[in-house]
Amino acid sequence: MKSGFLQIALGIITSIGGFLEVGSIATAAQAGASFRYGLIWAIVLGTLCLVFLIEMSGRLSAVSKHTIADAVRERFGFDFAVWPRLAELLVNYLVLGAEIGGVCLGLKVLTGIDARWWAVPVALILWFALWVGTLDIIENATSILGLLTIGFVVAAVKMHPDWIPLARGAVAPVFPPHDQSGQYWFTAVSILGATISPYMFYFYSSGAVEDGWGEKDLGSNRITAIVGMSFGALMSIAVLVVSAQVFNPLGIDLKRYEQIALVLTPALHKWGWPIFGISLAVCCFGAAVEISLASAYSIAQTFGWNWGEDEKPAQRARFSLTYTILIFLSIIPLLLGVDPLKQTIFSMALTAIVLPLAILPFVLLLNDETFVGTHRNGPIGNFVVTFTIFMACIVALVTIPLEIVGGG
Amino acid sequence: MRTVVALALLLAACGTKPPEAELEKKTVASWEATLALARDAYQRGDVPKHIVRNVAEAATEEISKDAKGHEAARALAAAHDLAEQAR
Amino acid sequence: MSAEVNIELLIGRKVFDEGGKAIGRIEEILAVEKGDELVVNEYHVGTEGLFERLSVYHFGHGLLRILGARGHAADPKRIPWQELDLSDPQKPVWRKR
Amino acid sequence: MPPTHATRLVADILDKQLVKGEEKLGKVDGLVVVLREGKPPRVAYIECGTAVVARRLGRWCERFVLALNRRFGVRDKPRFRIPWSKVKGIDINVEVELDEHPLLAWEEWLSKHVVGRIPFAK
């Protein structure tokens with residue numbers, strides 16, 4: 001059984017991969033630029049829900065030795081389980097394409113070469129990392145590289161934010177002038193959509209089963225969920241704050257990643273753009289790894305194939321082929337010139353619609369003694385999950401009209 | 001629960017979108033400020049040529065997509081000058 | 001050739017009484033070991049809840065429990081194997097002995 | 001009151017993971033009971049395969065999958081039956097004792113002809 005640190009690594013990579021990705025970096029930066037500290041609460045709220053959901057994913061796996069996809073099929077039958085899986089596969093396809101686009105944008109910031117030319121090389125590197133690497137190598141490499149995003153925290157502190165309004169923005173919505181409320185709530189919805197991404201649950205729960213977690217790991221599961229997700233939240237808030245300090249006073253609305261690339265320059269001068277480029281590329285790469293694996297896990301577990309990242313691809317032919325095909329299909333929009341940021345915003349709106357269907361089984365599985373025995377959800381856990389479903393429904397219902405009114 | 005209800009009510013009330021002209025002015029101003037930011041950073045030697053070129057290209061695309069009129073033309077000219085500077 | 005029934009297709013089927021009235025859906029089947037055989041002992045029919053199809057029923061059932069619906073939602077009706085006529089698996093009929 | 005150690009066919013068996021030792025064979029996609037005159041229905045077979053699963057979504061889906069299988073079928077049988085006597089144990093997974101079976105036909109074919117051919121696969 002792995003030592004505590006390696007478990008925390010699973011939490012941190014899940015958080016880096018899921019939290020810090022092309023969507024959350026863009027929405028955090030846009031929120032800071034357009035509404036200063038007025039939307040930090042959305043990151044805090046999303047993180048709170050996420051901590052509970054990630055802890056539950058780990059608890060389900062540790063106690064029942066089932067991953068979520070396994071448990072959903074066994075508890076509700078194939079004819080139910082297949083529909084959320086197909087919906088998630090479509091969303092994962094789009095989000096994976098956006099993440100690979102994010103890596104390419106990071107490389108564009110670093111080299112000036114257009115993102116479209118990076119699509120195939122990045123897809124090949126991503127595929128190779130999964131093909132040859134094991135879960136441990138990928139986890140630790142991305143976690144360490146992800147620490148680079150500390151650059152945002154350093155920049156945020158160096159920019160001397162006003163801590164009082166910052167704290168107020170973290171607690172409750174700061175209502176904007178009337179004509180901007182459409183965009184305000186659209187950005188809030190996008191932040192929640194970017195924060196609570198279903199693929200994180202499948203990745204985390206499959207990682208827990210593959211690492212052989214047991215009931216004795218419930219304590220470190222809770223710590224991992226809290227530390228991992230809070231790490232991601234801290235980074236996202238840092239991105240928001242730096243963007244607020246740099247862009248808000250100048251009245252800049254962020255529409256393109258080329259603009260966001262300037263965010264670290266005022267604070268870190270010569271180091272600004274390289275750190276931004278590398279952080280963006282690494283975080284999006286971590287997310288792409290996570291989405292590819294989460295999709296392959298979820299399909300393999302729904303059909304009962306052999307699965308696992310630690311074995312050789314030839315021993316898991318259908319599993320490894322699934323992520324291979326998904327990766328190379330996902331770069332088609334990028335090759336056709338679709339703007340990664342636009343694809344990101346669209347795929348996050350779609351995530352919000354799929355979210356209720358992905359979270360609802362949680363409420364039932366984590367209250368089902370045949371799966372989690374005495375480790376069932378407490379009332380708080382149930383309230384947060386039910387609140388998240390309720391919020392996800394609102395987010396889903398509201399995303400479409402907001403997309404028209406707000407900033408889609 | 002209260003914030004969620006507030007959220008729902010507010011969304012219903014907030015369908016207004018700022019008038020077209022004002023939105024255009026805002027976009028142009030936003031991009032002019034971005035171009036200025038990029039130019040200062042370039043003159044301070046904080047960013048290389050390709051970052052500035054990227055900003056200039058992005059500005060040209062977005063301005064010509066969203067805005068018309070003489071402010072837009074002025075901003076497009078500024079973007080062009082910046083691109084020249086960073087050639 | 002004795003008749004065969006796929007139980008995964010039986011789950012969720014509406015059960016009718018001899019008068020033709022629907023009394024609920026098959027939710028679970030209990031089997032017991034007799035000698036070296038595993039044989040069906042009784043069928044559990046969940047009475048008609050607010051939600052229709054089995055999977056939706058499970059959700060509604062679960063969600064109701066979460067949202068505070070106390071007690072076991074609609075105790076399932078136990079039908080001994082002799083009393084369920086499966087000659088037409090599409091339309092199981094409860095023939096009360 | 002149901003007898004003490006009754007097995008719940010849906011909750012305990014259907015859709016469970018089917019394993020032979022460490023090898024995952026698939027899921028219990030279907031369960032067949034045989035009706036007998038004057039005697040309780042006997043649990044006869046576990047069914048596994050794309051057609052079994054497809055049938056649960058609807059006859060149209062089963063017909064579609066069967067057509068696909070005729071066209072692309074590797075030795076795989078879209079509907080494979082495992083006699084109940086082969087079942088050795090039921091807990092998290094359903095443990096079966098099988099020697100010859102087509103359940104991993106696709107896995108083996110892909111592993112040999114497709115994945116195996118790509119470098120670093122073995």
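This structure is a prediction, so every number in the text was calculated from the model and none was measured. First the proteins, then the strands, lettered A, B, ... as listed; each starts at 1. Computed from heavy atoms alone, side chains included, the values below leave out hydrogens, waters and symmetry copies.
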Which answer fits [X], side chain, backbone, both or neither, if we ask what part of it has an atom under 4.5 Å from a heavy atom of chain C?
X	answer
D:Glu37	neither
D:Leu31	both
D:Asp12	neither

Side chains of [X] and [Y], heavy atoms from C-beta outward: is any pair under 4.5 Å?
X	Y	answer
C:Leu86	C:Leu10	yes
D:Leu57	D:Phe64	no
D:Phe80	D:Ile46	no
D:Leu25	D:Leu104	yes
D:Ile82	D:Leu18	yes

Review point. Where on C:Glu28 is there a heavy atom nearer than 4.5 Å to chain D: the side chain, the backbone, both, or neither?
Key: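 Backbone plus side chain of C:Glu28, per the 4.5 Å heavy-atom cut-off to chain D.
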Point to revise | Proximal component of C:Leu38, with respect to chain D [non-hydrogen, under 4.5 Å] | key: both
